[in-house]
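Take a look at the structure set out below.
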Amino acid sequence: MHTELSWDAPRGGMEASCRQALCLGLPAIAFTDHADFDGGGWPDHRPLDVAAYHRQIERCRQLFPGLRILSGIELGHPHRFPAETAAVLAAGPLDRVLGSAHCVERQGRLADISLPGLLSAGSAEVFRDYLAEVLDLVRSPVPFSVLAHLDYPKRYWPRSQLAFREQDYEEEYRAVLREAAGRGLTLELNTTRGGGMDRLCPGPTVLRWWVEAGGRSLSFGSDAHEPTMIARGFELASQVAEAAGFHPSPDPTGFWLR
Ligand SMILES: [Zn+2]
């Protein structure tokens, strides 16, 4: 999940999120704040204050000794920003390093998929460009271990104009999954804050392709941007993961494996 240190999560509240995690009976929580080096057209973007992030993690670990607090980061398009990425990774220890993409390139600049109108003006082409960007990320030498929300554009898909069917992009999906399995990445099952099956990124079909590609591990993320959204959709995610042959690790903070 994200905290107030992420540029897009002003209501994040790391301390309140720890309290909520304890309320829900969670054994652990991972804060993977956004390190984006380009806002993709959103004017409120700002770089992560990584020193403040590590201070806040330490403060919460002292406040909540009964909760395991994992540090982490979500690197946005890190393959395009190797020097900035290296600086963020060198700033302190991180338990979880996620790699992600939120944008496609348009007129030489990164454009966030969630910008109004971007997907409606040619969804299939935008989605293929997006998966090509994810393939570049996975092929890059950037050190990360979890591939976040593989098919993020699903969240903003103009379903009234065009149905979303994974099969239409099977070749592009499988290319990413093969590469990701080959480098031993963990695939994130992102529940989009409990948005249901349509907003599970990725869904059961892609999970089956992940298994066929040799993928061995799964991570769960609610992508909460505020404390009340923590762990939303995890019940659905665990059902889908189990149906695909994955099982919880004996370590409650560990990845699900098959
Ligand atoms: Zn993200």
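Only a predicted model underlies this, so the values are computations on that prediction, with no experimental measurement involved. Each ligand, and each atom within it, is numbered from 1 in the order the structure gives.
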Write the atom name of the N, O or S atom in His149 that is nearest the Zn ion (ligand 1).
-> NE2
Considering only N, O or S atoms of Glu74, the one closest to the Zn ion (ligand 1) |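 Per the distance ranking, Glu74 contributes OE2 as its closest N/O/S atom to the Zn ion (ligand 1).
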Test the Arg96-Phe255 pair against the cation-pi criterion, namely NZ or CZ under 6.0 angstrom from the six-membered ring centroid and within 45° of the ring axis.
->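 Yes.
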Sole residue of Val142, Val146, Leu89 in side-chain contact (heavy atoms from CB on, under 4.5 Å) with Val97 =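 Testing Val97 for a side-chain contact (heavy atoms from CB on, under 4.5 Å) against Val142, Val146, Leu89 leaves exactly one candidate, Leu89.
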Does any N, O or S atom of His34, backbone or side chain, fall under 2.8 Å from the Zn ion (ligand 1)?
->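 So His34 does not bind the Zn ion (ligand 1) by this criterion.
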Is the number of heavy atoms from other residues, nucleotides or ligands within 6.0 Å of CZ (Arg11) greater than 12?
->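 Not buried by this count: 12 neighbours or fewer within 6.0 Å.
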salt_bridge(Arg61, Asp95) N-O dist < 4.0 Å =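 Yes.
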